[in-house]
Amino acid sequence: MSTDFQKARNALGLRLRELRTTGPGGRLTGPQLGERLGWPHSKVYKLENGRQTANAADLQAWAEATGRPDAAAELQAHLRGLESHVRSWRRQLAKGHRPVQDAITAEHARTTTLYIWENSLVPGMVQTPDYARAVFTRHAQLMRSPKDTEEAVRARVRRQEALYDSGKRHRILMWEGALRALVCSPAVLAAQLDRLASLTGLDTVELGIVPFTAVLKIHPANGFWIYDDRLVIAEDWHAELWIDDTDSVAVYRRTWNLLREAAVFGIDAQRVVSQAQKAIR
């Protein structure tokens, strides 16, 4: 599935190719441009084919090497559009939640280590079907989107098979409030908390809880997911942000690390889950 983000990266690549092949100094081959820039020519083709994202310095150097320094500002504008690519929920959900789940699944499939922070919900990767059903139902009502709830639930649950893949790691952090938020019935939440407790023994999952009583080095704001330090997906009410530039991804990773410092794990995490379970009984 081609995302809006990838389409925008492809468009930037086409513009880069145009500059390489129509510059005032004549057409340059990929190896020739790579030599001018001191890059392997494979980087030239990856940027042009939308398989790698350029940074600001790359674009400035490209414009100068192709004899078009005046194009640098235009290329930088393309990059700013990529760095925080907004994917409107209204547009994404025009055909329901299932296509959105499929796009996320594609990112999961190519990811080895996934870093998750959630402050208000149990993360989708560890949701029970009933909990996921409640979340999808409420979101569809909010967005007035088609209700393909059961298909979306099945897609989310299938993605959880990756939790048992020895080649992947899921490093999950949650605010204690996510354990207590009644976004579903108390019975469904109780079953969801049982599910969390059962995950603490998996060697592919690190589950940390940031308790209400923890001393925080950063405030526990909106949820986000970091895919192998190459992509961040952050959610807001109106849209998802797909963030791919190196500096911004690094900010999210530092944020995740600061939140982790306040988290408890293992038996201590189980104790926080147990306290939440007692509160709803």
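Residue numbers run from 1 in the order of the sequence given. Keep in mind the model is a prediction, meaning the values are calculated, not measured.
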Inset, instruction - Please check if Val157 and Phe136 belong to a single hydrophobic cluster, counting links between Ile, Leu, Val, Met, Phe, Trp and Tyr side chain heavy atoms closer than 4.5 Å. - result: yes
Legend entry - Phe224 and Trp256, any side-chain heavy atoms less than 4.5 Å apart: yes
Legend entry - Ile226 with Val251, same ILVMFWY side-chain cluster at under 4.5 Å: no
Legend entry - Non-hydrogen side-chain atoms of Arg159 and Met125 separated by less than 4.5 Å: yes
Legend entry - Atom pair OG1 (Thr255) and NE2 (His219), whose distance is rounded to the nearest 0.5 Å: 8.5 Å
Legend entry - Point-to-point distance, once rounded to the nearest 0.5 Å, from CZ of Arg51 to CG of Asn10: 11.0 Å
Legend entry - Sequence neighbours excluded - side-chain hydrogen bond (donor to acceptor under 3.5 Å, both in side chains) pairs with any residue from residues 62-72: Gln60-Glu64, Arg68-Asp70
Inset, instruction - State yes or no: do Leu258 and Leu173 share one hydrophobic cluster built from I, L, V, M, F, W and Y residues joined by side-chain heavy-atom distances below 4.5 Å, directly or via other members? - result: yes
Inset, instruction - Nearest 0.5 Å please: distance from the OG atom of Ser42 over to the CG atom of Asn49. - result: 11.0 Å
Legend entry - Straight-line distance of Leu179 CG to Ile280 CD1, nearest 0.5 Å: 9.5 Å
Inset, instruction - Would you indicate whether Arg17, at its atom CZ, is surrounded by more than 12 heavy atoms from other residues, nucleotides or ligands within a distance under 6.0 Å? - result: yes
Legend entry - Flag side-chain contact, heavy atom, 4.5 Å: Val44 against Leu16: no
Legend entry - Side-chain heavy atoms of Asp165 within contact of Thr204, under 4.5 Å: no
Inset, instruction - Kindly indicate whether the side chain of Glu107, heavy atoms from C-beta on, has any atom under 4.5 Å from the side chain of Arg230. - result: yes
Legend entry - All side-chain contact (heavy atoms from CB on, under 4.5 Å) counterparts of Asp58, not counting sequence neighbours: Trp39, Lys43, Ala54, Asn55
Legend entry - Atom of Asp130, atom of Arg133 and distance for their closest heavy-atom approach: OD1-NH1, 2.6 Å
Under 3.5 Å donor-acceptor pairs involving side-chain atoms of residues 261-270, not counting sequence neighbours:
| residue | atom | partner | partner atom | Å |
| --- | --- | --- | --- | --- |
| Glu261 | OE1 | Lys217 | NZ | 2.5 |
| Asp268 | OD1 | Arg271 | NH1 | 2.7 |
| Gln270 | NE2 | Thr200 | OG1 | 2.9 |

Inset, instruction - Start with the C-alpha gap between Gln277 and Asp194, add the side-chain angles, then the distance that decides, and say whether side-chain hydrogen bond (donor to acceptor under 3.5 Å, both in side chains) holds. - result: CA-CA 8 Å; Gln277 288 174 315; Asp194 285 340; 2.7 Å; yes
Inset, instruction - Kindly say whether Ala56 contributes a backbone atom to a donor-acceptor pair with the side chain of Gln76 at under 3.5 angstrom? - result: yes
Legend entry - Cluster link Val153 to Val135, ILVMFWY, side chain under 4.5 Å: no
Inset, instruction - Just jot down the side-chain contact (heavy atoms from CB on, under 4.5 Å) partners of Pro31, sequence neighbours excluded, or say none. - result: Thr29, His41, Tyr45
Legend entry - Over all atoms of both residues, closest heavy-atom pair of Ser120 and Ala181: O-CB, 3.7 Å
Inset, instruction - Rounded to the nearest 0.5 Å, what's the gap from CG on Leu47 to CD on Gln52? Could you check? - result: 5.0 Å
Inset, instruction - Measure the NE2-CD distance between His170 and Gln160 for me, rounded to the nearest 0.5 Å. - result: 9.5 Å
Legend entry - Donor-acceptor contact below 3.5 Å, side chain Lys168 vs main chain Thr111: yes
Inset, instruction - Using modelled atom types only, decide if a donor and an acceptor are shared between the side chain of Asn119 and the backbone of Trp175 within a distance under 3.5 Å. - result: no
Legend entry - Taking every non-hydrogen atom, the tightest pair across Trp117 and Met174: CZ3-C, 3.7 Å
Inset, instruction - Report yes or no: does Arg195 contribute a side-chain atom to a donor-acceptor pair with the main-chain N or O of Thr128 at less than 3.5 Å? - result: no
Inset, instruction - Could you tell me whether Arg15 and Glu18 have a side-chain N and a carboxylate O separated by less than 4.0 Å? - result: yes
Legend entry - Contacts of Val126 that satisfy side-chain contact (heavy atoms from CB on, under 4.5 Å) - sequence neighbours left out: Val122, Pro123, Leu163, Ile172, Leu196, Leu199
Legend entry - Least distance between heavy atoms, Thr137 atom then Thr149 atom: OG1-CG2, 3.9 Å
Inset, instruction - Decide whether Leu14 and Leu12 are clustered together by the hydrophobic rule: side chain heavy atoms of Ile, Leu, Val, Met, Phe, Trp, Tyr closer than 4.5 Å, transitively. - result: no
Legend entry - Arg9 side-chain N/O to Gly50 backbone N/O, donor-acceptor pair under 3.5 Å: yes
Inset, instruction - Carefully, step by step, assess Leu189 and Leu182 under the rule side-chain contact (heavy atoms from CB on, under 4.5 Å). - result: CA-CA 7 Å; Leu189 182 57; Leu182 284 170; 3.7 Å; yes
Inset, instruction - Please list, chain by chain and in numerical order, all residues satisfying side-chain contact (heavy atoms from CB on, under 4.5 Å) with Asn222, sequence neighbours excluded. - result: Ala234
Legend entry - Non-hydrogen atoms of Gly67 and Pro24 that approach each other most closely: O-CG, 3.2 Å
Legend entry - Aromatic Tyr227 / basic Arg110 pairing, under 6.0 angstrom, 45° off normal: no
Inset, instruction - Measure across Leu33 and Leu28 and return the closest heavy-atom pair with its distance rounded to 0.1 Å. - result: CD1-CD1, 4.1 Å
Legend entry - Student check: side-chain heavy atoms of Arg180 and Phe212 closer than 4.5 Å: yes
Inset, instruction - Could you tell me whether the side chain of Arg138 and the main chain of Val183 form a donor-acceptor pair under 3.5 Å? - result: yes
